[in-house]
Amino acid sequence: MKSYKKIGTIFSLAALALLPTVANAQRMTFQKDSVFLFSYATTSDEGRSGLKLAWSRDNKNWFAIGDGMSFIKCDYANWGKEKRMYNPVLYRDAQKGWHAVWQLNGNGKEFAHAASLNLTDWKAQEYFTDAHLNEHVSESWQKAVEAKATVNGEQQQGTVIRVAWEDVNYLQLYAGEKIWRNQLHNELMEQDPVRFAGLKPVRQTLTLRASESKPISDKLIGVFFEDINYGADGGLYAELIQNRDFEYTSSDRKEWGATTAWSVKGEARMEVGTSEPIHINNSHYLILESKSEGAALVNEGYDGICLKKGEKYDVSFFSRTGQTGQINKVKVALLDKDGFELCSSVLKVGATQWRKQKTVLVPKRDADAATFVLTPLGTGSIELDMVSLFPQQTFRGHTNGLRADLAQTIADLHPRFVRFPGGCVAHGNGIDNIYRWKNTIGPLEARKPMRNLWGYHQSMGLGYYEYFRFCEDMGAEPLPVLAAGVPCQNTSCKEGELLSGGQQGGIPMEEMDEYVQDVLDLIDYANGDPKKSKWAKMRAEAGHPKPFNLKYIGIGNEDLITDVFKERFNLINRAVKAKYPDIQVVGTVGPFYEGSDYEEGWKLAEQENIDLVDEHYYNTPGWFIYNQDFYDKYPRERHTKVYLGEYASHVPGRANNIETALSEALYLTAVERNGDVVAMTSYAPLLAKEKHTQWNPDLIYFNNQEVKPTVGYYVQQLYGQNAGDEYLPADRKVETSRSDVNVRIGSSIVRDSKSGDVIVKLVNLLPVSVYTALDLSDIGIGTTEAHLTVLKGQPSDRNATPVKSQVTVSEKFDYELPAYSFHVIRIPAVQQEKK
Ligand code: AHR
């Protein structure tokens with residue numbers, strides 16, 4: 001009866017007494033078409049590998065279905081290891097529907113329930129405490145038969161139920177297909193020497209059928225910006241002082257506090273003040289007490305401060321006279337790592353109320369890891385806040401702007417839109433961590449900083465105004481994504497906090513009107529008339545009287561599509577469409593390309609006629625190779641279009657290399673082909689600061705000195721810079737009988753109506769050349785030069801860069817694609833003869 005101890009927290013003692021035993025189950029008469037189905041989760045990994053199934057004819061000899069594959073995994077809790085499944089019970093209701101109930105923490109207090117009609121497609125999981133157990137489970141649950149079974153040589157504990165053989169047969173077929181697909185998806189290029197041993201160069205012909213052309217989206221390539229991996233503070237946001245507002249806290253990171261990144265030298269003392277701050281949203285400031293001449297306050301920047309000789313840096317801070325002594329002047333200076341003074345300036349201080357001081361510093365030399373030093377000239381105390389060092393040379397020269405080299409690298413992608421501020425940052429880790437756009441606009445000292453769920457701090461210096469301005473600077477559409485009134489589905493929940501607004505909670509319904517109004521106000525802020533709207537007036541005061549022309553708004557980010565979600569999403573979506581029918585709303589369909597959120601999300605999209613939905617999938621190169629028909633299967637008549645908002649090819653070790661980049665390039669040929677149903681795509685994540693990454697791979701790595709675009713970046717750039725708005729289909733014939741060869745060659749031909757240029761993209765993921773005979777006679781190409789860009793390398797190559805040249809083209813020409821290569825041939829319009 002030991003096993004009852006664990007499961008007993010589910011069952012009341014009375015129910016326990018009634019519970020049928022294995023012995024009872026064995027005594028059941030064996031029906032002709034009946035077999036036993038055993039369900040369990042492995043205790044060795046605390047059920048992280050999910051619910052498994054085995055079958056038996058005699059209730060003694062068990063056969064694992066799908067070799068121990070999981071039929072449903074627990075979605076509750078933070079990513080990865082926290083998602084556990086204890087003591088699952090599988091049972092059927094009177095209508096033959098399946099239900100799985102399990103414990104989340106193994107303490108018998110928090111539970112999950114999921115329903116399915118076939119054990120392979122599951123509805124959204126629900127989470128509840130023991131007090132609500134009876135509302136979520138039917139009586140049949142109590143009849144579940146507990147059992148022990150030896151599966152694949154290991155004894156497991158679970159429940160057993162009798163089913164028709166057809167049920168098991170279905171599961172076996174499903175599992176077989178899944179295993180087969182997984183094998184394809186796990187194909188890696190390191191296996192190519194064996195897989196393609198002896199393969200000779202391949203020949204293909206491509207014959208254009210211009211008459212069958214179709215319009216496609218002209219916004220296919222955009223960027224996904226999230227403050228992850230130090231993407232904003234310490235990254236794209238050009239501020240050089242770390243923790244300028246003294247608002248770091250231990251909830252950002254355990255070892256952090258208000259004085260993180262600050263120190264004193266000499267006889268000085270730092271204290272944190274909170275009485276009468278500059279603004280209630282910025283409640284901490286620094287009290288610096290200098291006890292002798294030369295004592296100073298030092299900021300280390302983000303991994304040091306990188307400075308350029310001769311460039312101008314704006315210094316500013318708020319100060320107020322302290323309680324003791326009299327400090328009338330301070331010196332601000334930048335020192336290199338050897339203590340050499342690169343520049344300095346003396347400022348008058350001493351106001352009794354907060355007052356802003358400013359100066360400009362110009363370093364005499366370049367420095368990689370300088371420090372900012374503020375030295376009171378005199379002894380006593382001074383109060384400081386919002387201490388800032390900002391390069392004047394920002395992207396497009398804006399004050400409070402963006403790091404120029406990084407922003408330029410993003411602009412060079414030629415993105416058609418920018419999604420911001422996430423990702424998970426948008427919906428936050430718990431309701432209190434939901435990103436609120438209103439906290440990120442207005443004077444910097446009045447913005448409300450917040451914990452970043454990626455384990456650091458958001459100063460909000462890069463806020464909604466700056467995001468809109470960046471989009472405008474790049475000619476990209478802004479695509480803000482706001483929480484759908486629910487926090488991240490991977491929000492961590494401590495035991496016992498389940499219903500206190502953790503993972504699956506939503507903003508209380510009585511607060512939703514206010515939240516919906518916030519969403520409407522954002523549209524007003526972006527597009528409204530400053531004379532009529534308070535929010536538009538704030539935009540104008542910030543320096544942008546003209547509207548930002550917001551056209552899209554995302555609601556939700558890969559949320560669990562539960563009733564809690566739907567109720568809130570519908571409120572927001574309907575309110576936006578009622579007031580702003582021209583705004584395109586982007587809904588969400590979960591974090592995967594299949595599964596309950598994907599299914600339920602799409603169902604909701606069709607019910608509510610949502611304009612677009614945001615699909616996310618991070619998959620293996622093999623997945624991208626074998627799923628090029630993913631969107632070919634999408635119904636053309638459906639109103640809802642796709643925004644593939646997060647995707648990337650992931651290899652073991654998470655490198656961004658030729659293998660991942662070419663699989664993305666190949667997949668994007670299929671995306672262009674389906675540019676009538678796919679409206680937008682964005683690789684994710686965009687930025688990663690070296691030594692501060694929470695997620696790999698990313699598109700652009702950087703440190704304080706350098707920007708390091710990846711191989712995958714160049715694929716995005718080649719697509720971004722060579723986009724079209726008309727797809728020109730071509731007949732492709734590959735001389736091979738091997739499907740694994742065929743799927744590794746891709747092509748897409750588009751025309752850009754603005755320039756009239758025709759762009760041919762060709763991808764070869766094989767270890768041999770592909771000789772391509774192109775027949776473009778259908779559009780009448782003149783015999784002359786086209787622009788060629790080639791990206792190629794060995795699969796593990798992380799440093800390949802595109803090479804540009806000219807190539808001779810004609811109506812029919814031969815072209816060689818060397819092993820592992822991506823080619824863009826841009827045929828200028830002037831060279832095309834009109835037929
Ligand atoms: O891109 C990184 C993360 O992946 C995003 O924040 C989230 O939406 C997804 O799970």
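Read the numbers this way: they start at 1 and go in the same order the structure lists the ligands and their atoms. Only heavy atoms go into these numbers, but all of them, side chains included; no hydrogens, no water, no symmetry mates.
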**Request:** With heavy atoms only and a cut-off of under 4.0 Å, state how W454 meets ligand 1: side chain, backbone, both or neither.
**Result:**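 The answer is the side chain of W454.
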**Asked** Using a heavy-atom cut-off of under 4.0 Å, does the side chain or the backbone of N557 touch ligand 1, or both, or neither?
**Response**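 The answer is the side chain.
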**Message:** How long is the straight-line distance from OH of Y701 back to CD of E706, given to the nearest 0.5 Å?
**Reply:**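 E706 atom CD to Y701 atom OH measures 15.0 Å (nearest 0.5 Å).
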Mind checking whether [X] has an N or O less than 3.5 Å away from an N or O of ligand 1?
X: W695; value: no
X: C424; value: yes
X: Y618; value: yes
X: E558; value: yes

**Request:** Flag this pair as yes if the NZ/CZ of R654 is under 6.0 angstrom from the six-membered ring centre of W695 and inside a 45 degree cone about the axis; otherwise no.
**Result:**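 Satisfied, under 6.0 Å and within 45°.
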**Prompt:** Taking it one step at a time, do F225 and Y467 satisfy ring-ring contact (aromatic ring centres under 6.0 Å, His included)?
**Reply:** CA-CA 10 Å; F225 179 85; Y467 283 124; 5.7 Å; yes
**Taking atom 6 (O) of ligand 1 as the reference point, the nearest protein heavy atom with its distance** =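 Going atom by atom, the protein heavy atom closest to atom 6 (O) of ligand 1 ends up being E226 OE1, 2.6 Å.
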**Prompt:** Which protein non-hydrogen atom lies closest to atom 8 (O) of ligand 1, naming both residue and atom, and how far is it?
**Reply:**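 Ranking protein heavy atoms by distance from atom 8 (O) of ligand 1, first comes E646 OE2, 2.6 Å.
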**Request:** Using non-hydrogen atoms of the residue, decide whether P685 is closer than 4.0 angstrom to ligand 1.
**Result:**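 It does, in that a heavy atom of P685 comes within the 4.0 Å cut-off of ligand 1.
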**Prompt:** With a 4.0 Å cut-off, would you call K577 and E608 a salt bridge?
**Reply:**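 No.
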**Message:** Any carboxylate oxygen within less than 4.0 angstrom of a Lys/Arg side-chain nitrogen, looking at D303 and K691?
**Reply:**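 No salt bridge links D303 with K691.
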**Residues forming a side-chain hydrogen bond (donor to acceptor under 3.5 Å, both in side chains) with W623, sequence neighbours excluded** =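 W623 satisfies side-chain hydrogen bond (donor to acceptor under 3.5 Å, both in side chains) with Y593 once adjacent residues are dropped.
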**Item:** All side-chain hydrogen bond (donor to acceptor under 3.5 Å, both in side chains) counterparts of W454, not counting sequence neighbours
**Value:**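 So W454 forms a side-chain hydrogen bond (donor to acceptor under 3.5 Å, both in side chains) with E226.
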**Item:** Distance filter under 4.0 Å to G423 heavy atoms, resulting ligand 1 atoms
**Value:**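 Those of ligand 1 that fall under 4.0 Å from G423 are 5 (C), 6 (O), 8 (O).
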